[in-house]
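Below is one structure, written out as structure tokens, with a few remarks after it.
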Amino acid sequence: MKNMLLTTIAFLAFTIVSAQVTSIDLTQTVGAFTTESLELAAGEYQFTIHNQDVGHQVGFVLAPKGQYEAKDHIKTAYVKAPVATGESSMTGVVDLAVGEYEYFCPMNPTEKYPLTVREEVETIQLTQVPGAFKVQALTVTEGAYQFEIANNGIEQAVGFVLVPKGQYAPENHIKAAYVKAPVSTDASEFTNVVDLQAGEYEYFCPLNPTPKYSLTVVK
């Protein structure tokens, strides 16, 4: 377990991501997926594939990196039915081991996108109250993290934004750090896995809204 230093006004718990089936939404537009890479912890996943105005049916292929022949496809990652324009379809449950994979759609067609599965991913739990995060500063070591964002008594949905320090424009947001769905009152939601390199970052919620808090990543 990586060493985690913490400056905070509240206790921060962190754990290894538990083994459970996690849902991942992937949207296709003409010739592309809108999500251009994924980093995940080892475990079970189910993908929902959305067809956004492609104009014909699409599918989904997941394979070990560089292995594109049909015999190498992970069959449980096929959609249950071809996905028509404006529709969605789910894959089966995919048990992903540590390694490098690629996903693509030969029906669209799209390029091949990287999917990395890591063995150890730490979960950082962050709770929001009206106008604030309880944890107001973090220092962590380099590595792969997943944030769990909790909404404690805020009477609206909240989110989570992580950016390099001082870079607040949407194009600078670390997209993997978005929560998978808005977090309703007294609920919590996970982000995707974020690969944090040494440097200075800030986190905040524009929906709450909160101040901007520092996150320092050290080697």
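Summarising the geometry of T191 relative to A177, their closest heavy-atom pair is CG2-O, 3.0 Å, with the distance given to 0.1 Å. Scanning both residues, S89 and V79, for their nearest heavy atoms gives OG-CB, 3.8 Å. Here the closest heavy-atom approach between residue G59 and residue C105 is recorded as N-SG, 3.2 Å. The two residues S188 and V183 have their closest heavy-atom pair at CA-CG1, 3.7 Å. Heavy-atom minimum distance, F104 versus E111: CB-O, 3.4 Å. Across every non-hydrogen atom of A77 and T91, the tightest pair is O-CG2, 3.1 Å.
Not counting sequence neighbours, Y101 has no partner by the ring pair (Phe, Tyr, Trp, His ring centres under 6.0 Å) test. With sequence neighbours excluded, the residues forming a side chain to side chain contact (heavy atoms under 4.5 Å, CB included) with A181 are E189, listed by chain and number. Qualifying side chain to side chain contact (heavy atoms under 4.5 Å, CB included) partners for A169, counting only residues two or more places apart in sequence or in other chains: E171, N172. The ring pair (Phe, Tyr, Trp, His ring centres under 6.0 Å) search around F147 returns F160, not counting sequence neighbours. Remark: H173 pairs with Y178 by the ring pair (Phe, Tyr, Trp, His ring centres under 6.0 Å) rule, at least two apart or across chains. Legend: residues meeting side-chain hydrogen bond (donor to acceptor under 3.5 Å, both in side chains) with S37, ordered by chain and number and at least two apart, are absent.
N108 places a side-chain N or O within 3.5 Å of a backbone atom of G31 that can act as its donor or acceptor partner. At least one donor-acceptor pair closer than 3.5 Å links the side chain of E102 to the backbone N or O of G66. T85 places a side-chain N or O within 3.5 Å of a backbone atom of G55 that can act as its donor or acceptor partner.
Remark: K75 NZ is packed, more than 12 non-hydrogen atoms of other residues, nucleotides or ligands lying under 6.0 Å away. Annotation: Q197, atom CD; neighbour count of heavy atoms from other residues, nucleotides and ligands within 6.0 Å is above 12. Within 6.0 Å of NZ on K180 lie more than 12 heavy atoms contributed by other residues, nucleotides or ligands.
The side-chain heavy atoms of K134 and N152, taken from C-beta on, include a pair separated by under 4.5 Å. In this structure the side chain of I154 never reaches within 4.5 angstrom of the side chain of L207, judged on heavy atoms. Residues I24 and L40 are in side-chain contact: their nearest non-hydrogen atoms beyond the backbone lie under 4.5 Å apart. By the 4.5 Å heavy-atom criterion applied to side chains, M107 and V54 are not counted as neighbours. With contacts defined as side-chain heavy-atom distances shorter than 4.5 Å, the pair M90/T48 qualifies. Taking 4.5 Å as the limit, some side-chain heavy atom of E44 sits within range of a side-chain heavy atom of V21. No side-chain heavy atom of D195 sits less than 4.5 Å from a side-chain heavy atom of T116. With a 4.5 Å cut-off on side-chain heavy atoms, K165 and Y201 do not count as touching.
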Open item on the list: The test is side chain to side chain contact (heavy atoms under 4.5 Å, CB included); show your working for Q128 and I149 and say whether it passes.
Closed with: CA-CA 7 Å; Q128 290 186 51; I149 308 302; 3.6 Å; yes
Task: Step-by-step side chain to side chain contact (heavy atoms under 4.5 Å, CB included) determination, V117 to L115 - done: CA-CA 7 Å; V117 179; L115 187 158; 3.5 Å; yes
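If you take CG on D25 and CD on Q46, they are separated by 10.5 Å, rounding to the nearest 0.5 Å. Interatomic distance, OH of Y113 versus CD of E36, reported as 5.5 Å (0.5 Å rounding).
Relative orientation of the Y103 and F33 rings is perpendicular, given thresholds of 30° and 60° on the angle between their planes.
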